[in-house]
Amino acid sequence: MAEERKIQVDEMGLIFGKTMIIFTVIGVVMMVIPAIFYFLGVRPYIPLAEVSKYWTGSAAEFWQQVKGFQVHGYGWIFHNLGYMDTLSMLGVLLLMITPLISMVAAIFRAPSLIYRILLFLGAAEFLLSVFLKTK
Amino acid sequence: MEWSIILFVFTLLIGIISPVSGVGGGVLFVPLSTIIFPFHVDFIRGAGLVMAVTSALSSVPYLTRIGLANIRIFALLAPVMVITSVVGGIIGLKVTSAFPGGKYYIEIMLGAIILLVFAVMMLSKRLEFPQVRDEEVDGWSRALGLRGEWFEPSLGRIVRFQVKNTPLALVVFALIGFVAGMFGLGAGWANVPVLNMLMGAPIKVATATSMLIITANAPAIGIYLTKGAILPSVVIPAVLGITIGARIGAKVAEIIKPVFVRWLVLAILFLAGFMNVLKGLQGLGIIPHIIPGA
């Protein structure tokens with residue numbers, strides 16, 4: 001056990017991991033709690049019965065049949081946060097950006113400039129891909 | 001509601017099998033769900049991706065702390081895999097929505113990928129402690145200091161490692177990211193052999209670093225979210241089932257014979273791959289209707 005304590009782990013890895021566990025726990029809680037209310041029938045944006053009626057179609061067909069429009073972007077989540085099913089999607093959003101937050105945190109403990117650049121590049125691409133998808 | 005309960009039980013079972021067999025949950029969930037459940041493949045891929053990423057996010061912090069998940073390798077691969085997994089997700093959804101019968105093309109490609117996973121698992125040999133000599137270490141690996149160490153209880157000592165073939169591995173990981181994003185599979189089945197056999201990372205490091213790499217597929221979740229392809233009634237039971245199941249599976253792994261489970265999983269993968277290809281060909285009218293209910 002004494003030797004186990006002697007292993008050298010990068011500081012950037014440690015901060016990456018610590019950040020990740022904090023945001024993962026928050027994300028899972030934010031995803032699961034509203035979903036439980038949703039399954040109990042509390043304030044659904046799309047009632048469960050409607051979901052199971054149309055989920056055989058593609059995502060585009062599903063939204064067309066259930067709501068009469070197709071979904072493009074994150075607006076359907078942010079404009080409907082009063083509903084439990086869409087509220088639980090906030091948790092999924094947080095889980096999605098948790099690696100991004102962890103990468104940003106790790107930049108400050110990177111062992112060299114090249115790792116700062118690599119992590120910054122990864123984080124920038126991550127952010128860009130999230131932004132691009134909303135178009 | 002009853003489908004959500006069945007889905008929970010189903011993913012619970014997958015979660016139990018996963019740690020015992022060494023196969024990631026996503027790779028079993030996606031192909032089997034397309035056969036068993038009535039949901040469209042868009043929702044299954046979305047749920048598969050959230051499952052794979054959530055599982056990885058839960059385990060990475062511990063694996064990083066004990067030195068098994070290597071952040072240096074991740075930092076190099078992330079810029080490549082973020083892009084390719086997003087492109088894969090976009091193309092996957094385009095195929096199903098832009099072409100008549102797009103769903104069937106996806107099923108055929110998914111089946112082919114699963115059969116490839118089957119072949120990789122059948123043929124690959126796991127190298128527990130591969131030796132990478134100093135002269136084998138490539139310039140990238142040397143410049144970036146792609147090495148690490150962990151305490152190995154079975155040996156009672158610290159094991160140090162370094163990696164090789166970094167440029168070639170980058171190209172392979174770009175392809176893996178694309179496939180992971182397109183099919184919502186997670187990518188442990190491909191990451192591990194590349195890290196282990198191509199780069200020479202010890203199997204424990206390869207497995208743990210693979211979990212870290214899977215987190216780079218997280219942006220592809222956005223592709224599914226922005227198209228409304230992630231539904232709580234599919235995602236929540238699946239994530240809860242796999243999470244609880246994996247904890248049970250970790251205990252079961254201590255008492256069950258892994259060889260038996262490995263062969264069971266191989267048989268399931270082969271069947272799932274084969275069935276997906278058949279369903280796709282059947283949907284396109286290339287072969288007669290032979291799978292009932294599909």
Side-chain angles (χ1 to χ4, degrees), chain A residues 3-4 6-10 12-14 16-18 20-21 24 27-28 31-32 35 38-39 48 51-52 55-63 70-74 76-77 85 88-89 92-93 95-100 102-103 106 110-111 114-115 118-119 121-122 125-126 129-130 133-134, chain B residues 1 3-4 38-40 42-43 46 50 53-54 57-58 60-67 69-72 75-76 78-79 82-83 86 90 93 96-97 102-103 143-145 148-151 157-158 215-216 218-219 221-236 239-240:
Chain A
E3 200 178 7
E4 189 174 1
K6 283 185 208 159
I7 66 158
Q8 289 192 337
V9 180
D10 280 321
M12 74 170 165
L14 293 176
F16 182 92
K18 277 181 192 167
M20 186 167 275
I21 196 68
T24 300
V28 169
M31 180 175 74
V32 172
Y38 171 64
F39 282 113
L48 269 173
V51 174
S52 54
W55 62 16
T56 50
S58 68
E61 291 163 353
F62 172 86
W63 283 93
Q70 287 189 14
V71 166
H72 298 286
Y74 298 104
W76 69 282
I77 301 172
D85 40 351
S88 91
M89 291 296 103
V92 177
L93 263 176
L95 289 173
M96 179 180 81
I97 62 166
T98 290
L100 167 66
S102 307
M103 273 192 264
I114 186 70
Y115 276 106
L118 283 172
L119 286 167
L121 199 61
E125 282 180 9
F126 201 118
S129 54
V130 170
K133 287 191 296 285
T134 61
Chain B
M1 185 70 174
W3 277 115
S4 297
F39 330 128
H40 189 273
D42 283 357
F43 302 115
V50 177
V53 170
T54 307
L57 291 174
S58 308
V60 159
Y62 172 71
L63 295 170
T64 308
R65 201 171 68 235
I66 61 173
N70 191 285
I71 184 84
R72 290 178 179 230
L76 177 65
V82 165
I83 290 289
V86 168
I90 291 170
L93 283 171
T96 53
S97 60
K103 173 190 166 187
L144 291 167
E149 61 185 33
W150 86 101
F151 180 80
R157 64 175 172 86
I158 290 174
T215 66
I221 291 174
I223 300 288
Y224 292 90
L225 267 181
T226 54
K227 300 289 179 196
I230 293 183
L231 299 174
S233 41
V234 179
V235 168
I236 305 297
V239 169
L240 287 180

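Proteins come first, then strands; the chains are lettered A, B, ... in the order of their sequence lines, and each starts at number 1.
- Contacts of B/Phe39 classified as ring pair (Phe, Tyr, Trp, His ring centres under 6.0 Å), with partners at least two apart in sequence or in another chain: A/Trp55, B/Phe37.
- Contacts between A/Thr24 and chain B at a heavy-atom distance below 4.5 Å involve the side chain alone, from C-beta outward.
- Only the side chain of A/Ile114 has a heavy atom closer than 4.5 Å to any heavy atom of chain B.
- Chain B forms more heavy-atom pairs under 4.5 Å with one residue of A/Phe62, A/Phe16, A/Tyr115, A/Trp63 than with any other, namely A/Tyr115.
- With values rounded to the nearest 0.5 angstrom, A/Tyr74 atom OH is found 5.5 Å from B/Thr226 atom OG1.
- Within the 4.5 angstrom heavy-atom criterion, no atom of A/Ile97 approaches chain B.
- A distance of 6.0 Å separates OG1 in B/Thr54 from CD1 in B/Ile221, rounded to the nearest 0.5 Å.
- With a 4.5 angstrom heavy-atom cutoff, A/Asp85 touches chain B via backbone and side-chain atoms both.
- Within the 4.5 angstrom heavy-atom criterion, atoms from both the backbone and the side chain of B/Leu57 approach chain A.
- Side-chain contact between A/Met31 and B/Val239 is present, with heavy atoms from C-beta onward closer than 4.5 Å.
- Judged by distance alone, the side chain of A/Tyr38 and the main-chain N or O of B/Ser233 form no donor-acceptor pair under 3.5 Å.
- Separating the CE atom in A/Met103 from the CE atom in A/Met20 is a distance of 8.0 Å, to the nearest 0.5 Å.
- Chain B forms more heavy-atom pairs under 4.5 Å with one residue of A/Thr98, A/Asp10, A/Leu93 than with any other, namely A/Asp10.
- A side-chain donor-acceptor contact under 3.5 Å links B/Arg72 to the backbone of B/Gly145.
- For the set B/Gly67, B/Ala229, B/Ala75, the entry with the most heavy-atom pairs within less than 4.5 Å of chain A is B/Ala75.
- For B/Leu63, no part lies near chain A; criterion is any non-hydrogen pair under 4.5 Å.
- Of the two parts of A/Ser58, the backbone and the side chain both hold a non-hydrogen atom closer than 4.5 Å to a non-hydrogen atom of chain B.
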